[in-house]
S.K.: 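The following block contains the structure, expressed as structure tokens.
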Amino acid sequence: MARRSSTSGPLRYLHPAYYLKRPKRLAFLFIAFVVATFAFWDRQSLIREHEAEITKFQEELNRLQDQLRKAGVSDDMSDNVKLNREVEIDPVNDERREKVKEAMLHAWNSYVEYAWGQDELQPQSKNGANSFGGLGATLIDSLDTLYIMGLKDEFQKAREWVATALDFNKDYVASVFETTIRVVGGLLSAYDLSGDKLFLDKAKDLADRLLPAWDTPSGIPYNRINLAHGNPHNHGWTGGESILADSGTEQLEFIALSQRTGDLKYQQKVEKVIRQLQKIYPSDGLLPIYINPQSGVAASYSTITFGAMGDSFYEYLLKVWIQGNKTEGLKHYREMWETSMEGLVSLIRKSTPSSFSYICEKTGNSLSDKMDELACFAPGMLALGSSGYDPEKAEKMLSLSKELAWTCYNFYQITPTKLAGENYVFHAGQDMSVGTSWNILRPETVESLMYLWRLTGNKTYQEWGWNIFQAFEKNSRIDSGYVGLKDVNTGMKDNMMQSFFLAETLKYLYLLFSPPSVISFDEWVFNTEAHPLRIVPRNDTVPELGGVVEEAKPKPQSKAIDRPFGRKQGRN
């Protein structure tokens, strides 16, 4: 049988010689190729246009949903915190957010296994410590973080503990400040997010136990009180004086409690503090850290600082104004804050040779070239408040915010572990060096990076935050949780997982890699422990008498050691 030629049959159409002998068919083939190419690219263009239209419609839908929520029409509060309704356009951020979520699960599960119901986990010894009287500080601090991250089972387990085991009738002398920002704030945030009245009832019970601390001639509160018996008093090491940050960092929580319960007594107590401080407010807006609760007068000999024991007072001046939707009756808060920011600017110095901007501390007329890591909340505060200025001033304050954030990031970068020490000192010609060398998982720098990223859109801040997260993962993560470092130079570990690591550090990292609509700045304000509280307009017709507040209606769904850690007390 003869073998068939390879150019016969259907295969001949694949041989170039076939078309060279038939020019008309070659031309037809070329035309068909050109038409098919144009058709393909036209379809791709249509797909791109279609995707652009979908994105446009999605943005418009999100805008309309936001308007409906603000008008109180939507009944699904979880729109604010669930990512499955967001347009996620950055897979890198999506992956990083999941890594942070996994870190939260590791921290939480370690707490559940070794310290359930206690205040804090000691990871190395695998046991719990009741640093705050056994109020379940880590559990309550974690409620809103669990909710925001969509960890429903974990949130429900924590909710059951609050319902069945949380009891404030304890013969325990509590810090009014710490108990307010962690426990009252944590419960109120859980209520605002979930709409579960259990959390509001618990917050009210605790606040009622704290309230006698404000019964002083001046209205400046005592900073300590026994939860079962009352008997408010101050720390011995302050000489009986009240601390500025401890006395001026309950306004957000107690005003929110009045809004949610309709009982003005909480708001009236904390706003009396601000009225007293207005009477003695200096022209530069910088108050010393000690204030006499009897006379209401500041101790002129004491330090002025944006670090420990001063910091969050200034933060709350801005945030109470935001909490009330920036209404006219609250402009005195904004005015006091702006005055204090002029004072902050007067404390700014630059290092040599690298020109790192830093905030000095001041005692009398003497400046100290020292800055706490705690003061690294200030870049975020300045960025958040910059929009309330005229354009020229706003740009100056935002620029200062960016300069300070660069300094704070370098607090991390100059150490061998890439984790920041507790404070830094600055020397002429030598820039900065670590002062106190421990790191207790603090959130302040990450907090400011989150604000700056949201308010500027500059992804550099996300990269800095990711570097810090990786340093925590490398140096602080162990099989049974996360620990701080006794020394950021050697990497020697301590034995404490601070509750604010779950409440703040991990939450701010998660939000740093989430769309800005997740816990939007337009609808929420964070207390100093990173607990988001819903913004509710106020009708303060007579602010000096306490005013009138509109009720917020959320939508369904061991003995402490006296140590002056200020904004967030820590123990190592």
Side-chain angles (χ1 to χ4, degrees), residues 132 135 137 140-141 168 173-189 191-192 200 202-216 218-225 227 230 232-235 241-261 263-278 287 289 291 293 296 309-324 330 333 336-337 377 500 503 525-533 536 538 546-547 549 552 565-569:
F132 300 97
L135 302 182
I140 295 174
D141 250 351
F168 299 126
V173 177
S175 162
V176 175
F177 165 70
E178 295 286 354
T179 307
T180 298
I181 66 172
R182 297 185 197 231
V183 186
V184 176
L187 291 167
L188 285 172
S189 185
Y191 171 66
D192 276 4
L200 180 61
K202 290 288 186 179
K204 184 178 183 300
D205 177 15
L206 180 55
D208 286 340
R209 295 173 184 275
L210 299 175
L211 217 53
W214 280 265
D215 293 338
T216 67
S218 68
I220 301 296
Y222 291 111
N223 298 150
R224 295 176 65 75
I225 191 169
L227 293 181
H233 59 282
N234 277 334
H235 300 275
E241 306 281 47
S242 295
I243 298 169
L244 176 63
D246 286 24
S247 304
T249 312
E250 292 88 9
Q251 281 69 26
L252 280 178
E253 295 83 0
F254 277 63
I255 291 170
L257 192 57
S258 282
Q259 289 176 319
R260 280 107 179 113
T261 64
D263 190 338
L264 283 175
K265 66 182 180 183
Y266 308 104
Q267 175 185 325
Q268 289 169 342
K269 288 289 188 183
V270 296
E271 294 207 315
K272 186 177 179 182
V273 176
I274 301 303
R275 292 197 299 275
Q276 173 59 33
L277 294 179
Q278 275 187 291
L287 282 170
I289 58 174
I291 302 173
M309 298 190 285
D311 46 15
S312 50
F313 161 71
Y314 303 103
E315 175 187 2
Y316 270 34
L317 290 178
L318 173 66
K319 288 184 173 180
V320 171
W321 176 69
I322 294 172
Q323 178 189 40
L330 298 170
Y333 281 94
M336 290 173 72
W337 181 78
F377 84 99
F500 52 66
V525 62
F526 292 91
N527 86 337
T528 197
E529 190 79 2
H531 296 308
L533 301 171
V536 179
R538 284 171 53 178
V549 295
F565 282 104
R567 185 165 181 257
K568 259 82 62 177
Q569 188 169 342

S.K.: How many angstroms lie between CG in Leu211 and CD1 in Ile225, if you round to the nearest 0.5 Å?
M.R.: 8.5 Å
S.K.: With a 4.5 Å heavy-atom cut-off, do Ile181 and Leu252 have their side chains touching?
M.R.: no
S.K.: Answer whether the closest heavy-atom distance between the side chains of Lys202 and Phe168 falls below 4.5 Å.
M.R.: yes
S.K.: Under the side-chain hydrogen bond (donor to acceptor under 3.5 Å, both in side chains) rule, collect the residues that match up with Glu253, sequence neighbours excluded.
M.R.: Tyr316, Asn527
S.K.: Check ring pair (Phe, Tyr, Trp, His ring centres under 6.0 Å) between Phe526 and all other residues, then give those that pass, not counting sequence neighbours.
M.R.: Tyr508
S.K.: Report yes if some heavy atom in the side chain of Glu250 is under 4.5 Å from a heavy atom in the side chain of Val176; otherwise report no.
M.R.: yes
S.K.: I would like to know whether Arg260 and Val536 meet side chain to side chain contact (heavy atoms under 4.5 Å, CB included); could you show each step before the answer?
M.R.: CA-CA 10 Å; Arg260 280 107 179 113; Val536 179; 4.1 Å; yes
S.K.: Are Thr249 and Asp311 side-chain neighbours, meaning at least one heavy-atom pair lies under 4.5 Å?
M.R.: no
S.K.: Looking at side-chain heavy atoms only, is the closest gap between Glu529 and Asp141 below 4.5 Å?
M.R.: yes
S.K.: If you measure from CG on Leu330 to CD1 on Ile255, what distance do you get to the nearest 0.5 Å?
M.R.: 7.0 Å
S.K.: Please identify each residue that fulfils side-chain hydrogen bond (donor to acceptor under 3.5 Å, both in side chains) with Gln323, with sequence neighbours left out.
M.R.: none
S.K.: Please give me the minimum heavy-atom distance between Gln267 and Ser258, naming the atom from each residue.
M.R.: N-OG, 2.9 Å
S.K.: Are the side chain of Ser189 and the backbone N or O of Gly185 linked by a donor-acceptor pair below 3.5 Å?
M.R.: no
S.K.: Could you walk me through whether Glu271 and Arg275 satisfy the salt bridge (Lys or Arg N to Asp or Glu O under 4.0 Å) test, starting with their C-alpha distance in whole Å, then the side-chain angles of each, then the deciding distance to 0.1 Å, before giving a yes or no?
M.R.: CA-CA 6 Å; Glu271 294 207 315; Arg275 292 197 299 275; 5.2 Å; no
S.K.: Between Ile291 and Ile243, is there a side-chain heavy-atom distance shorter than 4.5 Å?
M.R.: no
S.K.: When rounded to the nearest 0.5 angstrom, what is the spacing between CD1 in Ile274 and OG in Ser247?
M.R.: 10.0 Å
S.K.: To the closest 0.5 Å, what do you measure between CG (Leu317) and CD1 (Ile322)?
M.R.: 11.5 Å
S.K.: Between the main-chain N or O of Gly219 and the side-chain N or O of Gln276, is there a donor-acceptor pair closer than 3.5 Å?
M.R.: no
S.K.: Looking only at side chains, do Gln278 and Tyr333 share a donor and an acceptor under 3.5 Å apart?
M.R.: no
S.K.: For Asn223 and His233, does a side-chain donor sit closer than 3.5 Å to a side-chain acceptor?
M.R.: no
S.K.: Would you mind reporting whether Leu187 and Leu200 have side-chain heavy atoms less than 4.5 Å apart?
M.R.: no
S.K.: Mind checking what makes ring pair (Phe, Tyr, Trp, His ring centres under 6.0 Å) contact with Phe313, not counting sequence neighbours?
M.R.: none
S.K.: Assess whether side chain to side chain contact (heavy atoms under 4.5 Å, CB included) is satisfied between Val320 and Val525, documenting all intermediate values.
M.R.: CA-CA 9 Å; Val320 171; Val525 62; over 6 Å; no
S.K.: From Asp263 CG over to Gln268 CD, what is the distance, rounded to the nearest 0.5 angstrom?
M.R.: 8.0 Å
S.K.: Could you tell me which residues satisfy salt bridge (charged side-chain N to carboxylate O under 4.0 Å, His left out) with Asp215, sequence neighbours excluded, listed by chain and number?
M.R.: Lys269
S.K.: Any side-chain donor paired with an acceptor under 3.5 Å for Ser242 and Asn234?
M.R.: yes
S.K.: Apply side-chain hydrogen bond (donor to acceptor under 3.5 Å, both in side chains) to residues Ser312 and Thr528 and explain how you reach the verdict.
M.R.: CA-CA 7 Å; Ser312 50; Thr528 197; 4.6 Å; no
S.K.: Tell me every residue that passes salt bridge (charged side-chain N to carboxylate O under 4.0 Å, His left out) with Lys204, counting only those two or more places apart in sequence or in another chain.
M.R.: Asp208
S.K.: Is the side chain of Gln251 donor-acceptor paired with the backbone N or O of Val270 at a distance under 3.5 Å, no angle test?
M.R.: yes
S.K.: Of all residues at least two apart in sequence or in a different chain, which pass the side-chain hydrogen bond (donor to acceptor under 3.5 Å, both in side chains) check with Thr180?
M.R.: none
S.K.: Please report the closest heavy-atom contact between Ala174 and Thr179, naming both atoms and the distance.
M.R.: CB-OG1, 3.5 Å
S.K.: I'd like to check the ring pair (Phe, Tyr, Trp, His ring centres under 6.0 Å) partners of Tyr314; sequence neighbours left out, ordered by chain and number.
M.R.: Phe306
S.K.: For a ring-ring contact (aromatic ring centres under 6.0 Å, His included) with Trp214, tell me which candidate from Tyr266, Tyr222, Phe254 qualifies.
M.R.: Phe254
S.K.: Do the side chains of Val183 and Glu178 get nearer than 4.5 Å, heavy atoms only?
M.R.: no
S.K.: Which distance, rounded to the nearest 0.5 Å, do you find between the CE of Met336 and the CG of Leu277?
M.R.: 6.0 Å
S.K.: Check Leu257 against Ala207 and note the closest heavy-atom contact, atom names and distance.
M.R.: CD2-CB, 3.3 Å
